[in-house]
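What follows is one structure encoded as structure tokens, with my remarks underneath.
These numbers were taken from a predicted model, which means no experiment stands behind them. Keep in mind that the numbers below use all heavy atoms, side chains included, and drop hydrogens, waters and symmetry copies.
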Amino acid sequence: MAAPALRGLHRREPHGARPRALRPDWEAGLGYWTLRRREDDAFVGIGGVRLVDDRVWNVYYRIAVEHQGHGYATEVVRAALDAAAEVGPDVPVVAYLLDHNAASRRTAERCGLREVWRGPDKEVPGGTRLVFADRDLPESALAVTT
């Protein structure tokens, strides 16, 4: 396995002061990371997992346009899945995305998540929301994401 291109993915605490809005996430054990390239400390994006309603880990990743296509999203999602399995292995991990986001879908699939739900999006008129998960979801967990 190649050395990680991103630094700090193993950390379970954010750098510096914790923003007030993120404190509950870190108190639950995990949250989102700032992603920086190991070679030059360039900002790449954000990603990680956060606990939603004590029912699911939501895996999230947003990579800056100039850094897309280099495997950073896959790297952060895999690190997030590993961290969630360590902190709360009985809690399912989900990624929810819009169906037109083919790159995000491929990343979720590449990391072993599978589509478990498809339906109308609540926030994007005419949009179709996809829910990917690492296992079958009970209705209570699915309700958090749909």
Side-chain angles (χ1 to χ4, degrees), residues 1-16 18-19 21-39 41-119 121-124 127-146:
M1 177 178 201
L6 300 173
R7 68 170 180 81
L9 295 182
H10 64 283
R11 298 180 196 274
R12 288 178 49 188
E13 286 290 326
H15 293 294
R18 293 183 214 169
L22 296 179
R23 277 194 189 129
D25 293 338
W26 288 100
E27 289 166 3
L30 288 172
Y32 297 149
W33 300 304
T34 298
L35 310 176
R36 296 193 171 277
R37 203 166 43 200
R38 188 175 298 280
E39 67 191 52
D41 207 37
F43 175 78
V44 171
I46 59 173
V49 290
R50 68 183 292 237
L51 193 59
V52 179
D53 288 349
D54 292 324
R55 295 185 209 172
V56 296
W57 290 112
N58 175 52
V59 64
Y60 176 82
Y61 41 101
R62 177 85 58 201
I63 307 300
V65 173
E66 64 271 21
H67 295 294
Q68 292 175 1
H70 299 284
Y72 297 132
T74 300
E75 185 174 344
V76 72
V77 170
R78 287 184 176 149
L81 291 171
D82 289 347
E86 180 184 327
V87 173
D90 296 331
V91 180
V93 178
V94 300
Y96 54 99
L97 49 119
L98 291 168
D99 69 340
H100 70 268
N101 191 339
S104 187
R105 177 187 193 129
R106 284 191 304 273
T107 298
E109 291 171 337
R110 192 177 302 119
C111 293
L113 302 178
R114 63 182 176 79
E115 186 178 322
V116 297
W117 187 86
R118 169 188 292 262
D121 187 73
K122 294 179 194 174
E123 299 169 4
V124 178
T128 300
R129 179 66 60 182
L130 306 178
V131 177
F132 283 76
D134 65 344
R135 64 194 84 176
D136 290 332
L137 297 178
E139 284 298 318
S140 61
L142 192 56
V144 173
T145 61
T146 57

Please say whether more than 12 non-hydrogen atoms of neighbouring residues, nucleotides or ligands are located less than 6.0 Å from CD in Glu139. no

For Phe43, does its backbone N or O pair with a side-chain atom of His67 as donor and acceptor, under 3.5 Å? yes

Dump the intermediate steps for side chain to side chain contact (heavy atoms under 4.5 Å, CB included) on Val59 and Asp134, then the final yes or no. CA-CA 11 Å; Val59 64; Asp134 65 344; over 6 Å; no

Within the 4.5 Å heavy-atom criterion, are Thr107 and Tyr72 side-chain neighbours or not? no

Contact between Val52 and Val94 at the side-chain level, heavy atoms closer than 4.5 Å - yes or no? no

Spacing of Arg55 atom CZ and Leu137 atom CG [to the nearest 0.5 Å]: 12.0 Å

Nearest-0.5 Å distance, CH2 of residue Trp117 to OG1 of residue Thr145: 7.5 Å

Please determine whether side chain to side chain contact (heavy atoms under 4.5 Å, CB included) holds for the pair Arg105 and Glu115, giving the CA-CA distance in whole Å, both sets of side-chain angles, and the decisive distance to 0.1 Å. CA-CA 9 Å; Arg105 177 187 193 129; Glu115 186 178 322; 2.8 Å; yes

Return the CD1 to OG distance between Ile63 and Ser104, rounded to the nearest 0.5 Å. 10.0 Å

Closest heavy-atom pair, Asn58 versus Ala95, reported as atoms and distance to 0.1 Å, is OD1-CA, 4.5 Å

Main-chain N/O of Val91 paired to Arg135 side chain as donor or acceptor, under 3.5 Å: yes

Separation between CZ of Arg118 and CG of Leu130, rounded to the nearest 0.5 Å: 4.5 Å

Kindly compute the distance separating CD (Gln68) from NE2 (His70), expressed to the nearest 0.5 Å. 9.0 Å

Going from CG on Leu81 to CD on Glu86, what distance comes out if it is rounded to the nearest 0.5 angstrom? 13.0 Å

Student check: side-chain heavy atoms of Leu98 and Arg129 closer than 4.5 Å: yes

Any donor-acceptor N or O pair under 3.5 Å, side chains Tyr61, Thr74: no

Shortest non-hydrogen contact from Leu30 to Ala84? CD1-N, 3.6 Å

What verdict does the side chain to side chain contact (heavy atoms under 4.5 Å, CB included) test give for Phe132 and Val116, after you've listed the backbone C-alpha separation in whole Å, the side-chain angles of each residue and the deciding distance to 0.1 Å? CA-CA 6 Å; Phe132 283 76; Val116 297; over 6 Å; no

Check the pair Trp33, Leu35 against side chain to side chain contact (heavy atoms under 4.5 Å, CB included), reporting the backbone distance first and the verdict last. CA-CA 6 Å; Trp33 300 304; Leu35 310 176; 4.1 Å; yes

Out of the candidates Val76, Ile46, Leu97, only one should pair with Tyr60 under the side chain to side chain contact (heavy atoms under 4.5 Å, CB included) rule; please name it. Ile46

